[in-house]
Amino acid sequence: MNVPFVDLKTQYQNIRGEIDPAIGEVVSSAWFVGGPRLKTFEEEFASFCGAGHAIGVSSGTAALHVALVAAGVGSGDEVITAPNTFIASTEAITLAGARPVFVDVEPESCNIDPGLIEKAITGRTRAIMPIHLYGQPADMDPILEIARRHDLTVIEDACQAHGAEYRGNKVGPLGHIGCFSFYPGKNLGAYGDGGMVVTNDPDLAGTVRMLSNHGQKEKNRHPREGFNYRLDAIQAAVLGVKLKHLERWNAMRRDHARLYNELLAGLDVKTPVEKEFAKHVFHLYIIRLSRRDELAEHLASRGVSAGLHYPVALHLQKAYARLGYGPGSFPEAEACAEQVLSLPMFPELTEAQIRHVAGAIAAFR
Ligand SMILES: Cc1ncc(COP(=O)(O)O)c(C=O)c1O
């Protein structure tokens, strides 16, 4: 049996009756940028997250970049974040002109350890960027409390966590501003690139909207320079259809995670820990073990595609040599990088496929 890592073709087959007319409507209207489809999707996504405002942008990276700039982060500033994430999180910080400052993670969730943040704050710190890695929220209350005390902006990287909840509230608008990616394989994925910024602050929302459309508030009037970071109407149409299915798809992911947990119990792998404050949406289902690379090869030989998220922590990437960290700087993040393996996880995964993956892991010696 083959078990792919994700299966977007099956998802499309299941919803093509809704997707094809939605795309057709945009094409026949010829309203490709902006327009009613985008406006409706922004309103629906804001209401889904419980946010006052949502602004569609062209990717998760663009969302993070424009959020940082709108929050006033710029040259000479420092932004505190975790080192075990996709490089887009820190690319956005550098793009804004600031410097990423890493803090180690707590081992159960691989999310930023709030107990270590305060020690990393300097006179240049402007923002904290927690990442809700794998679909599980970071521990937001202590982060928000530290931010309040030091007058820092909290920018959530929710690019992997559409619909995840922290103490019963959806991630995104928990801090000052939150960012989502709609990369195709995400829990809510476009048919191309896309992203969203959400916030409860009307001024920040206005600045994000202006900056993501060339710094214009009204046509041909540019109070400042911005970016071409707009979300296009075809993506908004696709996302609007898919948003209606998101809660059900997330529930299916959670059911699959429960079955994996059950079948892998007692084997020599650590299964994911769902923190007491979290509703995890399992964008990725991660196990941990020391012989990770050997298990990945073994699974491949049995038709199972596993993934690595992420095998080298950012502070050890050549791109960040200038930051002056080295091996041992963040032991927990380094252990995550060496040990995590992502098993196939998508809503359409079948029980037989999950049993096949678990059986292959049980047969690994
Ligand atoms: C944690 C995290 N941050 C940022 C991004 C960037 O999103 P995008 O690929 O849409 O630019 C991603 C997704 O790839 C991500 O997983």
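Whatever order the structure lists ligands and atoms in, that order sets their numbers, starting from 1. Sequential numbering from 1 along the given sequence is applied to the chain's residues.
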Is the number of heavy atoms from other residues, nucleotides or ligands within 6.0 Å of CG (D141) greater than 12?
-> yes

Among the clusters formed by ILVMFWY side chains lying less than 4.5 Å apart, do V197 and V69 turn up in the same one?
-> yes

Short list, please: which atoms of ligand 1 are under 4.0 Å from a heavy atom of K186?
-> 12 (C), 13 (C), 14 (O), 15 (C), 16 (O)

Side-chain contact, heavy-atom cut-off 4.5 Å: V105 with D113?
-> no

Side chain to side chain contact (heavy atoms under 4.5 Å, CB included) with I286: which residues, sequence neighbours excluded?
-> Y134, L284, V340, S342

For the pair W31 (side chain) and V33 (backbone), establish whether a donor and an acceptor sit closer than 3.5 Å, ignoring hydrogens and angles.
-> yes

Note: E338-R292 ion pair, threshold 4.0 Å (strictly below) = no

In terms of atom number and element, which parts of ligand 1 are under 4.0 angstrom from non-hydrogen atoms of S59?
-> 10 (O), 11 (O)

Which residue holds the protein heavy atom closest to atom 9 (O) of ligand 1, what is that atom called, and what is the gap in Å?
-> S181 OG, 4.0 Å

Please indicate whether any nitrogen or oxygen in G60 is less than 3.5 Å from any nitrogen or oxygen in ligand 1.
-> yes

Identify, for atom 3 (N) of ligand 1, the protein heavy atom at the shortest distance, and state residue, atom and that distance.
-> D157 OD2, 2.8 Å

Per-residue contact class, T61 against ligand 1 - non-hydrogen pairs under 4.0 Å = both

Are the side chain of S329 and the backbone of Y325 linked by a donor-acceptor contact shorter than 3.5 Å?
-> no

Does an N or O from Q160, backbone or side chain, lie closer than 3.5 Å to an N or O of ligand 1?
-> yes

Same apolar cluster: L8 and I15, side chain cutoff 4.5 Å | no

Which ligand 1 atoms are under 4.0 Å away from a heavy-atom of T85?
-> 1 (C)

Under a heavy-atom criterion of less than 4.0 Å, does S89 contact ligand 1?
-> yes

N/O to N/O below 3.5 Å, does that happen between Y183 and ligand 1?
-> no

Closest candidate by heavy atom, reference atom 2 (C) of ligand 1, pool A82, A62, C159, A88 = C159

Take every heavy atom of H283, measure it against each atom of ligand 1, and state whether any distance is under 4.0 Å.
-> no

